[in-house]
Protein chains: 2
Amino acid sequence: MLGIKDVALAAGVSQATASRALSGRGSVSQSTRERVRAAAAELGFQVSYHASSLATGRSRNIGVVLPHVNRWYFSTVLEGLTRQLIDAGYDLTLYDFQGDRHRKTVLNDFLLRKRLDGVITVGLRLGDEDATRLLSLGIPFVSIGGSVPGITSLLVDEHAIGRLAAEHLISLGHKRIAHVGGEHESKSYFQVSRSRREGYQAAMESAGLEQRPEWSVLSDYTVNGAYTTVKSLLGDPYNRPTAICCASDEMAIGVILAARDLGLQVPEQLSVIGVDKHPLGTVFGLTTVDQFVEDQGRRAALTLLDALSAPHIDDSISLPAPIELPVRIVARSSTAAPSSSPNPTFH
Amino acid sequence: MLGIKDVALAAGVSQATASRALSGRGSVSQSTRERVRAAAAELGFQVSYHASSLATGRSRNIGVVLPHVNRWYFSTVLEGLTRQLIDAGYDLTLYDFQGDRHRKTVLNDFLLRKRLDGVITVGLRLGDEDATRLLSLGIPFVSIGGSVPGITSLLVDEHAIGRLAAEHLISLGHKRIAHVGGEHESKSYFQVSRSRREGYQAAMESAGLEQRPEWSVLSDYTVNGAYTTVKSLLGDPYNRPTAICCASDEMAIGVILAARDLGLQVPEQLSVIGVDKHPLGTVFGLTTVDQFVEDQGRRAALTLLDALSAPHIDDSISLPAPIELPVRIVARSSTAAPSSSPNPTFH
DNA sequence: ATGAAAGCGCTAACAA
DNA sequence: TTGTTAGCGCTTTCAT
């Protein structure tokens, strides 16, 4: 195998000098550095990261842990992460729980293999036991939108999101507002939808609006799921809400499709709002609460990289304060003031 | 740091024996093995993969290279890959080109860092130069749906997919069939859409059907893109196709949405077919050509794992024959025989 | 600025 | 079956 010693030989220097010249650490004269670099380039040499890692203790490798690569939110965060990490020269090792399928293995085995310089978790909920085991690795952790004890986290205020969405509808004059949540999620993940619902409920309460139990439904975060769930809700021509607040854009789109199939006009007969700013929203004119998903990934990566280059980590002496992520209403055409005749006129 | 030597000490054996007991390679008596395992468990020991890799030359780590994690096709393949790889005890290092943003860095630097036991590329098109550089790593490669010289590949017959989709429409009696392709893709990726279009053209030709240039449009694989692109095509009330063949489900959905917004009934006034079996298709009743995307990932992983455990690799002596992946029509409600009055009746 | 040498933590001959 | 020993390929003191 082509090793650094071959480069050293070719450049007529010692192995140590070659290493210094290539890594940039330690002092090497301008001319030798160039000679070594040239030799390395010519031979097509690449350092062995295994060896390098073993010697330095750092591996230029970040672990990313999430529940489902396959869902828009997560793959978009991932995109933000990869961008920053690649630019910084880090490999990204992906651990996809696939729901709960790989959860235990990953937490108890893969993450402990000491090949990571840091870990980013997305949307995870970790118990104390899991968290301390991970923290004992002594490497920096950052979590996005999750709940992991003792770890620096970036959080959107989910409660505020729910409230904001509901208040948008309320301010338009709606009084009959339903909510579609995604609580069919596993207990092991961050209960995003629940907090959003609570925000919605708080807004409804402040406005003194009635909250009918049948107007609070649960789905599964998908278009298909919400479509089915909400069709019955909208099927009743007399007791229909005039607006629906959804815990995600995908569900909101399901609602819009269900409404269309029932012959209801959006927004004339039904206003719909979601959360995420999913790209599919544009074609439906979906009003939403943008949470800058890709930026979440970028910021998490930067936060972690910061921690990695910090003078030295105060080994969990400082309790990390959560970093709050921004959100913003994007008003489009799926929401409007309720029509004067909320109940259908049969013509 | 907690090392294997501590375990050895605790178990009262030599470091070598501890290593054998933990790795399962080499012979160790039942009793010592248990003793060592117990000691390791109690101390919470995990091997250092850097050290282990350096010693063995294998890293239990597979690289996956793709153009966009963020797109449904790729994240779904990825899901199939992670499932198998985690089960086999392999880490998965993700290299996302993000279009062309990271392409060069990844190919010229990251992939050459010698920390991978194998590589899987998805949808990539690689030139001879890049390919040979990668092959020179001496590790097994598998490509899915791409074109990489000298590498084992899993391929769907894209031409056949295009033909099949078109033939489905033709067999229903359609004569005015348009095509929406995704050729706005970068030249550096596998030109899936182009082959599908050629399949469509072949089918049209065999059936002796007219191919109007204005019925062959290009889009970008997204719902939004296809929606916009196709709206003008469908806007003409006199020279409208009765069916549209799309190179992906997402574009097909864009077409359906555009049709609806123009007041056209699907399938009564317009039949639409896509490719992929995207989950969103169900709510639209979209007829499609399933290509078993997640299975593609699983099979690629298995193929690579096979190569890794093979007696020994004949160092590129055998030209790997491509493995053909299955496809299947899934007929749903977006396609039907054309109505007898293809042109609109103004009532 | 450079070289010699020790060692990162583990595995794999080779002996016993 | 077990222990001894010599590396895996690189980095990094410590001399010079």
Side-chain angles (χ1 to χ4, degrees), chain A residues 1-37 39-40 43-61 89 91 112-117 137-139, chain B residues 1-37 39-40 43-61 89 91 109 112-117 137-139 312:
Chain A
M1 179 189 236
L2 182 65
I4 203 175
K5 80 170 60 154
D6 301 297
V7 176
L9 200 67
V13 295
S14 76
Q15 203 175 309
T17 304
S19 172
R20 284 188 279 253
L22 292 175
S23 73
R25 275 186 293 273
S27 45
V28 188
S29 79
Q30 188 62 30
S31 64
T32 11
R33 162 164 297 125
E34 276 160 18
R35 214 148 23 93
V36 173
R37 295 245 162 113
L43 297 175
F45 168 80
Q46 286 279 343
V47 294
S48 156
Y49 269 65
H50 295 320
S52 175
S53 300
L54 185 56
T56 61
R58 294 184 300 92
S59 19
R60 297 226 144 247
N61 189 14
D91 270 4
L112 306 177
R113 291 180 174 182
K114 299 176 192 160
R115 30 165 68 159
L116 303 173
D117 288 344
L137 287 172
I139 58 179
Chain B
M1 177 187 236
L2 183 65
I4 203 174
K5 80 171 60 149
D6 301 297
V7 176
L9 198 66
V13 296
S14 76
Q15 205 175 308
T17 304
S19 171
R20 284 188 280 250
L22 292 174
S23 72
R25 275 187 293 274
S27 44
V28 188
S29 78
Q30 189 61 28
S31 64
T32 24
R33 162 165 296 126
E34 276 161 18
R35 213 146 25 93
V36 172
R37 295 241 162 115
L43 297 174
F45 168 80
Q46 286 278 342
V47 295
S48 155
Y49 268 65
H50 295 321
S52 174
S53 299
L54 185 56
T56 60
R58 294 183 301 93
S59 22
R60 297 224 144 249
N61 190 13
D91 269 4
D109 177 8
L112 306 178
R113 291 179 174 183
K114 299 175 193 163
R115 34 164 65 162
L116 302 172
D117 288 343
L137 286 173
I139 58 178
H312 201 56

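We use all heavy atoms of the structure for the numbers below, so side chains are in, but hydrogens, waters and symmetry mates are not. Given the structure is predicted, the values throughout are model-derived calculations rather than measurements. Here is the naming used below: chain letters follow the sequence lines, and residue numbers restart at 1 for every chain.
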Checking B/Arg113 now: which residues fulfil salt bridge (charged side-chain N to carboxylate O under 4.0 Å, His left out) with it, not counting sequence neighbours? A/Asp91, B/Asp109
Side-chain atoms of residues 16-24 of chain B: list all donor-acceptor pairs with protein atoms under 3.5 Å, sequence neighbours left out, distances to 0.1 Å.
residue : atom : partner : partner atom : Å
B/Thr17 : OG1  : B/Ser14 : OG           : 3.1
B/Ser23 : OG   : B/Ser19 : O            : 3.1
B/Ser23 : OG   : B/Arg25 : N            : 3.2

Sorted by number, residues from residues 3-15 of chain B placing a heavy atom under 4.0 Å from DNA chain C are B/Gly3, B/Ile4, B/Gln15
Quick one: side chain to side chain contact (heavy atoms under 4.5 Å, CB included) partners of B/Ala55, sequence neighbours excluded? none
What residues in residues 46-60 of chain B put a non-hydrogen atom under 4.0 Å from any atom of DNA chain D? B/Leu54, B/Ala55
List for me each residue that meets side-chain hydrogen bond (donor to acceptor under 3.5 Å, both in side chains) alongside A/Thr32, sequence neighbours excluded, and say none if there are none. A/Ser29
Shortest non-hydrogen separation from B/Gly12 to B/Arg35 and the atoms involved: O-NH1, 4.4 Å
Expected list for residues 19-33 of chain A near DNA chain D, using heavy atoms below 4.0 Å, is A/Ser19, A/Arg20, A/Arg25
Using the C1' atoms of five pairs at each end, what's the angle between the two axes of the helix from C/dA1-D/dT16 to C/dA16-D/dT1, to 10 degrees? 30°
Where is the tightest heavy-atom contact between B/Ser53 and B/Ser59, given as atom of each residue plus distance? OG-CA, 3.4 Å
With A/Leu9 via side chain to side chain contact (heavy atoms under 4.5 Å, CB included) - residues at least two apart: none
Nearest heavy atoms of B/Asp6 and B/Met1, plus distance in Å: OD2-O, 3.7 Å
First and last nucleotide of DNA chain D in contact with chain B, 5' to 3', at under 4.0 Å to a heavy atom: what are they? D/dT1 to D/dG9
Using a 4.0 Å cut-off to any heavy atom of chain B, which nucleotides of DNA chain C are the first and last in contact, reading 5' to 3'? C/dG9 to C/dA13
Do you know the tightest heavy-atom contact between B/Arg33 and B/Gly26? NH2-O, 4.2 Å
Any chance you could measure A/Phe45, atom CZ, to B/Leu112, atom CG, to the nearest 0.5 Å? 11.5 Å
Which pair of non-hydrogen atoms, one from B/Arg115 and one from A/Asn61, has the smallest distance, and what is that distance? NH1-CB, 4.1 Å
Between B/Leu2 and A/Lys114, the two heavy atoms sitting closest are O-NZ, 3.6 Å
Distance col, row A/Ser52:OG vs B/His50:NE2, nearest 0.5 angstrom, shows 9.0 Å
Hey, what do you get for OH (A/Tyr49) to CG (B/Leu116), rounding to the nearest 0.5 Å? 12.0 Å
